[in-house]
Amino acid sequence: MVTLTINGREHELDVPDNMPLLWALRDIVGLRGTKFGCGIAECGACTVHLDGAATRACITPVSAVQGREVTTIEAMADDAVGQRVQAAWLDLGVAQCGYCQGGQIMNATALLKTTPEPDTQDIVDAMAGNLCRCGTYNRILAAIERASGKEASS
Amino acid sequence: MSYANDRLLLANVSRRGLLKGLVGGSALLLAARWDLGLASETAQFGAGAMPGGWVDDPNVFIHIDSDGGVTIINNRAEMGQGIRTSLVMVAADELGADWDRVRAQQANADQDKYGNQNTDGSRSMRHWYDPMRRAAAAARIMLEQAAAQQWEVPVHEVRAEIHKVVHSPTGRELGFGALAQAARDLDVPGRDALVLKSDSELRFIGKESGLINGELVSAHPKAIDGEDIVSGQAVFGADVDLEDTLYAVVARPPVYGARVKRVDDGEALKVPGVRKTLRIEGTGQPAAFNPLGGVAVVASNTWAAMEGRRALEIEWDMAPAGDNADYTSDPYRESLEAAAQSPGKVIRQTGDVEAALEDADTRVSATYYMPHMAQSPMEPPVAIVRIRDGKAEAWAPVQNPRATREGIAQRLGIDKESVTVHQTLLGGGFGRKSKPDFVTEAAAVAREFEGQPVKLQWSREDDIQHAYFHAVSVDHLEAGLDADGKAIAWRHRTLSPSIASLFAPDPKHKGEFELGMGFNTMPFSIPAIRLENPPAPAHVRIGWFRSVYNLPHAWAIQSFAHEMAMAAGRDHRDYVLELLGPDREVHNLTVGDGWNYGEDPDLYPIDTARMRRVIERATEEAGWGRETGKGRGLGLAFHHSFVSYTAIVFEVEVSDEGELTIHRADIAFDCGPQANPERIRSQLEGACVMGIGIALQSEVTFKDGVAQQDNFDSYLIPRMPDAPRVVRVHLIDNPDDAMGGVGEPGLPPVAPALCNAIFAATGKRIRRLPVGDQLTG
Ligand code: FES
Ligand code: FES
């Protein structure tokens with residue numbers, strides 16, 4: 001049994017200690033906004049917040065997150081920064097297929113919480129671990145700038 | 001995912017829609033520039049020639065609730081191209097629906113009902129624009145007619161406005177919802193009575209909105225799935241929630257054609273959560289869309305299934321794989337390069353190339369290589385299948401729902417009416433999900449668990465190692481130039497395994513649709529041309545990858561044209577404009593192509609004037625000819641594919657250490673009429689990034705038949721730092737030609753334009769992709 005706090009709610013899960021948080025969220029808890037893209041921390045599709053920090057759920061065993069706050073994309077609508085990021089994403093039509101975008105938004109939101117006014121290089125560095133096969137990178141960048149209160153770059 | 005029972009159908013089904021006494025007085029009849037191709041069943045070209053053809057019955061596509069909610073059925077796969085928004089928007093615009101009250105509903109697999117659903121070949125908008133407008137116009141006319149009857153006034157006195165019908169003389173109004181019931185009892189008007197809206201009446205179609213080249217110029221109509229995507233609620237293949245779901249992964253033969261010889265599942269069954277292992281029979285070669293076979297591990301969650309698979313001990317029988325087990329990339333490339341030195345099957349011939357090459361003042365020769373690649377959509381293949389009482393139900397992210405349905409039916413030995421395929425969103429497709437092997441595989445597992453849904457998940461390793469690979473290619477070109485540098489001879493030999501090897505004994509030669517992707521349709525005006533196709537065997541599953549054989553053809557031809565310009569000492573743009581020759585329409589049959597992307601050559605000739613226009617636009621926007629400074633350069637390439645025209649100019653910088661920076665891309669694009677420019681821009685921006693990966697990073701190599709890359713740490717695709725910070729898309733305003741494709745044509749010219757820019761910056765010629773460390777090494 002492990003006890004996880006996910007989006008402010010406690011969940012008791014009967015899973016092995018080494019089960020990655022990604023699969024616990026998706027298959028056991030039933031929160032499927034967190035996506036599987038690679039399983040080896042190379043793509044960022046599975047990004048969640050662990051005590052506010054962007055974390056790859058696919059390589060994080062549930063045993064490592066006991067007693068810590070797990071936040072997923074499903075909770076971003078209740079987060080002030082998350083809301084701004086989501087709104088910017090919609091305004092700029094960022095998503096294509098959308099599969100990577102939950103992870104992108106989680107990563108971007110974590111960035112803006114620690115660095116409220118990132119410059120372009122800050123954003124590129126912070127987002128380099130999040131793959132988008134559809135190639136929406138420039139819109140992601142512009143949306144992060146927009147959410148940070150700066151205008152979209154031209 | 002099922003129809004709500006209270007949806008009101010608009011009218012009695014009248015498939016071919018007979019006219020029944022309703023013609024607008026001052027009718028603007030169907031605008032002539034949209035060819036409507038009304039004869040469908042026997043159509044030779046276009047949408048009507050596709051399996052299932054087109055359907056424009058409003059009863060099939062448009063439902064209006066009595067509360068005014070409008071539901072529009074989307075029959076094409078949504079994989080990031082935005083078709084669920086764009087096609088629904090086309091119908092909503094013509095109908096006059098308030099966008100905030102429109103929802104989209106995804107059609108299940110049923111080509112008899114919905115027409116062709118195979119989302120492939122950049123066809124969705126070009127084949128469905130007209131039928132959806134007609135369906136919506138018919139619905140709008142029926143709403144007007146219902147209002148006129150209710151008010152007992154002549155129909156020409158009423159007109160539909162936004163979500164309501166108005167009687168101008170008296171100012172009376174009725175909402176769409178209030179009219180839905182009465183409209184349902186009317187006959188669908190005949191097509192010849194339909195009056196499409198004029199451009200000035202349209203709100204969305206053809207209108208620019210949203211982010212244009214970095215500037216948010218205006219709000220854009222909200223994307224159908226936008227809010228679901230940013231809040232984690234969008235339902236992709238693995239996100240369907242069904243009670244009692246079992247989870248499965250499969251260990252597949254490492255070499256194409258190999259089989260399981262012996263399996264020890266003792267350790268696997270000890271993994272907590274693992275329920276069962278079972279063998280899946282493959283169908284051998286050619287595999288078509290069938291599973292590769294192997295051993296499935298079924299568990300109570302995905303992780304347990306993966307752990308169980310890790311614990312399997314499998315001995316593979318390589319004998320059925322034949323010489324696939326010797327397939328190694330370097331010697332294979334060398335064998336193709338050697339074969340390229342000898343003549344091959346002649347595909348197209350004009351003049352005497354050998355004589356012209358003899359006469360030439362200068363000869364230019366080069367050989368280009370493009371490796372295998374995996375499509376690797378961010379969502380790996382995944383499917384859920386439940387089999388109950390002899391019927392199968394599947395939920396899957398597939399580009400080809402009909403093939404999915406038939407594949408399951410065939411595997412289970414039931415008829416296709418007993419198979420329901422629910423189409424989820426696709427987390428990217430790029431051709432991978434045109435092949436429903438992964439859904440059939442899930443069905444093969446689910447049949448062992450009557451009544452229980454089985455979710456079969458591919459890992460990224462599965463995806464990359466068992467892709468339907470983009471064909472590896474060698475292209476060898478030779479040209480002769482006269483004393484003025486003018487091209488007098490062009491000989492091109494192209495070698496790639498064929499996708500036809502998937503379905504039949506390996507033909508070792510490219511098929512018509514493969515050659516027709518920019519090889520024989522090469523538009524240069526040169527007196528002596530010979531195009532040849534020497535043989536190349538397939539040793540892995542070869543499949544469609546976004547823009548398919550246009551990739552190697554454009555890569556080779558556009559690189560070589562640049563080499564010719566350099567040999568002639570000429571400006572690249574000026575030189576290629578001369579190579580294109582006088583503006584003319586090239587009929588595909590005159591260049592040895594009988595395919596033309598399935599389109600009517602009279603409507604869709606290869607128009608060199610349109611090609612010239614995109615070249616001129618891209619180069620002007622990029623400031624072609626300006627001084628770029630040391631280590632910087634501009635590179636151009638262009639290509640016709642999927643009946644659209646693209647030209648790209650890159651500006652790059654290469655440091656003394658060989659570090660490449662792509663500063664900017666200018667993309668000019670002509671697809672004829674634009675339905676939703678906002679998503680067209682998005683597709684071209686995305687294709688630019690994907691193409692940069694093809695140029696610089698992406699490669700799957702084989703050793704003894706086994707793919708050597710297995711995840712994103714070894715199979716590299718572009719990341720944010722790899723994308724140019726400035727990507728400008730220049731859409732050519734051309735409403736007068738026939739509508740072309742959008743999803744794929746942006747990709748083929750990217751790699752050659754980038755490599756031509758690298759040459760301009762450094763003088764270093766790239767002939768082998770990916771560039772990798774060639775600039776530093
Ligand atoms: S799935 Fe976790 S980083 Fe890719
Ligand atoms: S939007 Fe498709 S992978 Fe990013």
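Since this is a predicted model, take the numbers as computed values, not measurements. Values below: every heavy atom of this structure, side chains too, minus hydrogens, waters and symmetry copies.
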As an exercise: rank B/Arg681, B/Gln375, B/Lys455, B/Gln233 by heavy-atom pairs under 4.5 Å with chain A and give me the winner. B/Gln375

Atom pair CG (B/Leu216) and CG (A/Asp91), whose distance is rounded to the nearest 0.5 Å: 6.5 Å

Distance in Å, A/Leu22 CG paired with B/Trp303 CH2, rounded so as to fall on 0.5 Å steps: 10.0 Å

Using modelled atom types only, decide if a donor and an acceptor are shared between the side chain of A/Tyr99 and the backbone of B/Pro380 within a distance under 3.5 Å. no

Relative to chain B, which of A/Cys132, A/Gly102, A/Cys43, A/Pro20 shows the most heavy atom pairs under 4.5 Å? A/Pro20

Chain A: which of B/Arg460, B/Arg728, B/Glu461 shares the most heavy-atom pairs with it under 4.5 Å? B/Arg460

Heavy-atom pairs under 4.5 Å with chain B, option from A/Gln101, A/Gln86, A/Gln104 with the top count: A/Gln86

Test item: B/Arg719 side-chain N/O and A/Leu131 main-chain N/O as donor-acceptor pair under 3.5 Å: no

Tell me if a side-chain donor or acceptor on B/Asn301 pairs with a main-chain N or O of A/Trp23 at a distance below 3.5 Å. no

Carboxylate-amine/guanidinium contact B/Glu685 A/Arg139, below 4.0 Å: yes

Those residues that, when tested against A/Pro61, pass side-chain contact (heavy atoms from CB on, under 4.5 Å) (two or more places apart): A/Ser63, A/Ala64

Region of A/Met76 in contact with chain B, defined by heavy-atom distances below 4.5 Å: neither

Straight-line distance of B/Ser300 OG to A/Ile28 CD1, nearest 0.5 Å: 6.5 Å

Separation between CZ (A/Phe36) and CZ (B/Phe236), nearest 0.5 Å, reads 15.5 Å

Quick one: do the B/Gln683 and A/Gln96 side chains pair a donor with an acceptor below 3.5 Å? yes

Given heavy-atom pairs under 4.5 angstrom as the criterion, report whether the side chain, backbone, both or neither of A/Leu31 touches chain B. neither

Residue pair B/Ala723 / A/Asn138: nearest heavy atoms and the distance that separates them: CB-OD1, 4.4 Å

Interatomic spacing from CG in A/Leu92 to CG in B/Leu211 - rounded to 0.5 Å: 5.0 Å

Could you look at A/Asp125 and say if it's the side chain, the backbone, both or neither that has a heavy atom under 4.5 Å from chain B? neither

Counting heavy-atom pairs under 4.5 Å with chain A, which one of B/Asp463, B/Leu425, B/Ile229 comes out on top? B/Ile229

So with a 6.0 Å cut-off around CD of B/Glu227, is the heavy-atom count from everything else above 12? no

Non-hydrogen side-chain atoms of A/Lys35 and B/Asp239 separated by less than 4.5 Å: yes

For a side-chain contact (heavy atoms from CB on, under 4.5 Å) check, start with the C-alpha distance between A/Leu90 and B/Lys222, then their side-chain angles and the critical distance, and finish with the verdict. CA-CA 8 Å; A/Leu90 294 174; B/Lys222 69 174 196 249; over 6 Å; no

Is any side-chain heavy atom of B/Glu307 closer than 4.5 Å to one of A/Asn18? yes

Heavy atoms only, distances under 4.5 angstrom: which of A/Ala128, A/Ala24, A/Gly33, A/Ala95 has the most pairs with chain B? Name it, please. A/Ala128

Please identify, among B/Ala223, B/Ala238, B/Ala219, the residue contributing the most non-hydrogen atom pairs under 4.5 Å to chain A. B/Ala238

To the nearest 0.5 Å, how far apart are CE in B/Met720 and OG1 in A/Thr136? 7.5 Å

Given A/Gln121, A/Arg26, A/Met127, the one with more heavy-atom pairs under 4.5 angstrom with chain B than any other is A/Arg26

Chain A contact via B/Pro718 - which portion, at a heavy-atom distance below 4.5 Å: both

Closest-packed option against chain A by number of heavy-atom pairs under 4.5 Å, given B/Val727, B/Ile464, B/Ile717: B/Ile717

Answer with side chain, backbone, both or neither: which region of B/Glu678 has an atom nearer than 4.5 Å to a non-hydrogen atom of chain A? both

Interface check, chain A: of B/Glu78, B/Met79, B/Arg679, most non-hydrogen pairs under 4.5 Å belong to B/Arg679

A/Tyr137 versus B/Pro721: any side-chain heavy-atom pair under 4.5 Å? no

A/Arg133 side chain to B/Glu379 main-chain N or O, any donor-acceptor pair under 3.5 Å? no

Tell me, side chain or backbone of B/Val230 under 4.5 Å from chain A's heavy atoms, or both, or neither? both

